[in-house]
Amino acid sequence: MKLVFYGAGNMAHAIFTGIVNSKVIDSNDIYLTNRSNEDALKSYADELGVNYSYDDAALLKEADYVFLGTKPYDFDNLAERIKPYVTDSNKFISIMAGLPISYIREQLNTENPVARIMPNTNAHVGHSVTGISFSNNFDPKSKTEVDDLINSFGSAIEVSEDNLHQVTAITGSGPAFLYHVFEQYVTAGTRLGLEKSQVEESIRNLIIGTSKMIERSDLSMEQLRKNITSKGGTTQAGLNALSKYDLESVFEDCLRAAVDRSVELSNQDDD
């Protein structure tokens, strides 16, 4: 299986590193290219054993999956450049936010299968939750191959293309929302009189430990919370204080705003 990555930025790097480390395919079957930063490509080639090239015809020849990881506003130029070399074997996987499958096909002047994926930055540690949508001509065998690739750097959830907006909000942007909550927790803890460095280190380990509890337990998060909440205890006192605020609405507003913006960006590209 031959994989080609157009764009080797932060997210693409996390993806092809995960694929290499999981040994889903041999690193020698992975090809990278970017606009101009050859030093980065050389570094990845030395580090991971992958290949790189600026020859579009050679890159696309017999390529099974072509990852489109360029910036969305650069895609039109990329498509214009590579569409003469697209072959029947090429199936495209877009990690570009906001560009619909129909638009990608139109710009590439192809009816070849196209999938859109929405990973998040946790791909760097092999724990991305990645939303994926397939064009209707993706065959079952190819879907399984793409799922295997995605599972090498996390987990996959297949949704309709319209629902990628929700996935973008919940999991794509999700790490930033959680980081923001943790920031506020650090600030509040510091105001209790401890040194900021102590609070940051304590909360960092608290987050790691809590995540491992969620990972290793079959219990719901609600039940895990109840298990450490003694009636009349300190945890209950803190939860009582939290209950004065409508946190559910806060997070709902946050996610809806992200969904709305994702829809706006998609509609802009349709215009």
Side-chain angles (χ1 to χ4, degrees), residues 10-11 14 72 94-101 115-125 127-134 150 153-192 199-200 203-204 206-229 231 233-271:
N10 190 41
M11 187 57 68
S94 170
I95 58 175
M96 303 178 295
L99 299 186
I101 288 172
R116 288 180 60 194
I117 65 173
M118 181 51 63
N120 64 32
T121 55
N122 292 344
H124 285 284
V125 292
H127 283 280
S128 174
V129 180
T130 301
I132 181 167
S133 297
F134 295 98
I150 292 175
F153 55 89
S155 59
I157 173 173
E158 183 178 346
V159 296
S160 69
E161 188 173 16
D162 287 343
N163 285 338
L164 273 182
H165 301 298
Q166 286 85 343
V167 174
T168 298
I170 296 169
T171 64
S173 300
F177 302 150
L178 293 180
Y179 290 143
H180 183 67
V181 171
F182 301 150
E183 285 180 78
Q184 311 318 307
Y185 201 13
V186 169
T187 300
T190 302
R191 288 174 181 166
L192 296 179
V199 177
E200 286 184 334
I203 292 176
R204 180 184 296 269
L206 171 67
I207 293 165
I208 294 170
T210 304
S211 298
K212 289 185 180 297
M213 284 291 294
I214 294 171
E215 180 183 29
R216 297 176 183 179
S217 176
D218 293 330
L219 300 176
S220 66
M221 283 183 273
E222 178 185 12
Q223 188 58 51
L224 289 170
R225 171 182 57 78
K226 288 180 176 178
N227 286 351
I228 56 173
T229 307
K231 186 176 181 179
T234 57
T235 305
Q236 185 63 63
L239 289 170
N240 288 344
L242 279 177
S243 69
K244 297 176 183 177
Y245 305 93
D246 190 356
L247 293 181
E248 182 178 344
S249 292
V250 169
F251 281 105
E252 184 175 348
D253 287 349
C254 167
L255 295 177
R256 286 193 182 280
V259 169
D260 290 346
R261 182 55 179 158
S262 179
V263 172
E264 288 174 4
L265 290 172
S266 181
N267 289 338
Q268 286 174 14
D269 290 311
D270 281 341
D271 291 342

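Remember, it's a predicted structure, so these values are computed and weren't measured experimentally.
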To the nearest 0.5 Å, what is the distance between [atom1] ([X]) and [atom2] ([Y])?
X    : Y    : atom1 : atom2 : result
L206 : F182 : CG    : CZ    : 8.5 Å
D253 : D260 : CG    : CG    : 10.5 Å
T210 : I203 : OG1   : CD1   : 10.5 Å
Q166 : I157 : CD    : CD1   : 10.5 Å

So, do [X] and [Y] sit near enough that their side-chain heavy atoms are less than 4.5 Å apart?
X    : Y    : answer
V259 : T168 : no
D246 : V250 : no
S133 : E158 : no

E252 and R256: CA distance, side-chain angles, deciding distance, salt bridge (Lys or Arg N to Asp or Glu O under 4.0 Å) verdict: CA-CA 6 Å; E252 184 175 348; R256 286 193 182 280; 3.0 Å; yes
Test log, rule salt bridge (Lys or Arg N to Asp or Glu O under 4.0 Å), inputs K212 and E215: CA-CA 5 Å; K212 289 185 180 297; E215 180 183 29; 5.0 Å; no
Return all side-chain donor-acceptor pairs below 3.5 angstrom for residues 117-125, not counting sequence neighbours, or 'none' if the list is empty.
residue : atom : partner : partner atom : Å
N120    : OD1  : N122    : N            : 3.0
N120    : ND2  : T171    : O            : 2.9
H124    : NE2  : N10     : OD1          : 3.0

So with a 6.0 Å cut-off around [atom1] of [X], is the heavy-atom count from everything else above 12?
X    : atom1 : value
R204 : CZ    : no
Y185 : OH    : no
E248 : CD    : no

Contacts of L247 that satisfy side chain to side chain contact (heavy atoms under 4.5 Å, CB included) - sequence neighbours left out: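 In terms of side chain to side chain contact (heavy atoms under 4.5 Å, CB included), with neighbours along the sequence ignored, L247 is linked to L242, Y245.
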Any sub-3.5 Å donor-acceptor pair from [X]'s side-chain atoms to [Y]'s backbone N or O?
X    : Y    : result
S211 : I207 : yes
N163 : V159 : no
S262 : A258 : no
R116 : L99  : yes

N-O pairing of E222 and K226 below 4.0 Å: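 Salt bridge present between E222 and K226.
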Closest non-hydrogen atom pair, T130 against F153: OG1-CE1, 3.6 Å
Nearest non-hydrogen partners of P175 and G172, listed with the distance: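 The pair with the smallest heavy-atom distance is CD-O, 3.7 Å.
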